[in-house]
Amino acid sequence: MHKKIIDIIYRIPAGKVATYGQIAAFAGFPGRARHVGWILNQTNAPNLPWFRVINSKGSISLPHNGKYELQKVLLQEEGIIFDEKDFINLKIFGWKP
DNA sequence: GTACTGACGACAC
DNA sequence: CGTGTCGCCAGTA
């Protein structure tokens, strides 16, 4: 099942973001949002756009320890805009498969 | 089997 | 939006 979820994440296009629940559901595991995050924290697949995965609120789910900033910067590099509260507008940047 | 953890989600205030 | 509660399930001990 790791493979399936990883495969879905690889399909997220640059400039877009997807939510954990969205990925889980699209991979065939509705309600398994936690597994997506769990797998991301476990696997170290090359060129995996893990930074395009965020929670349903449209914000980064990492603690502000540096990786948070890394993800934010990587997304901004792709043209994604964060508002003053570090939230992403999913209406605009949400991935719609 | 039980208990706890975790990059989550939906819903109610 | 912020908080709290409950549900979810693979891993681990």
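Chain naming here is simple, since letters A, B, ... match the order of the sequence lines and numbering starts at 1 in each. For the numbers below, each heavy atom of this structure counts, side chains included, while hydrogens, waters and symmetry mates do not.
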To the nearest angstrom, the CD1-P distance between A/Ile23 and C/dC8 comes to 21 Å

Whole-Å gap separating P (C/dC9) and CG (A/Leu40): 20 Å

Would you please confirm or rule out a distance under 4.0 Å between OP1 or OP2 of B/dC8 and any side-chain N or O of A/Ser56? no

Whole Å only: how far is the CH2 atom of A/Trp50 from the P atom of B/dA7? 13 Å

Does the side chain to side chain contact (heavy atoms under 4.5 Å, CB included) test come out yes or no for A/Phe51 and A/Lys72, once each step is laid out? CA-CA 8 Å; A/Phe51 49 86; A/Lys72 182 179 175 182; over 6 Å; no

Looking at A/Phe29, is A/Lys4 sitting on its ring face, NZ or CZ under 6.0 Å from the six-membered ring centre and within 45 degrees of the normal? no

Between A/Ile39 (CD1) and C/dG11 (P), how many Å, whole number? 9 Å

Would you indicate what A/Asn41 reaches in the nucleic acid, counting non-hydrogen atoms under 4.0 angstrom: base, sugar-phosphate, or nothing? base

Testing the 3.5 Å rule here: is there a donor-acceptor pair between the side chains of A/Asn47 and A/Tyr10? no

Quick note, A/His35 side chain, CB onward, closest among C/dC9, B/dA7, C/dG11 is C/dC9

Side chain of A/Arg34 only, heavy atoms from C-beta on: which candidate in C/dC9, B/dA7, C/dC8 is closest? C/dC8

Between A/Arg32 and A/Phe87, just flag the one whose closest nucleotide in DNA chain C comes earlier from the 5' side. A/Phe87

Report the distance from atom CH2 of A/Trp38 to atom P of B/dC4, rounded to the nearest whole Å. 21 Å

How close or far is atom C1' of C/dA10 from atom NZ of A/Lys3, stated in whole angstroms? 20 Å

Nearest whole angstrom, please: distance from the P of B/dA7 to the NE2 of A/His64. 15 Å

Distance, rounded to the nearest Å, where A/Leu90 contributes CG and B/dG9 contributes C1': 13 Å

Please confirm whether the ring centroid of A/Tyr20 lies under 6.0 Å from the ring centroid of A/Trp38. no

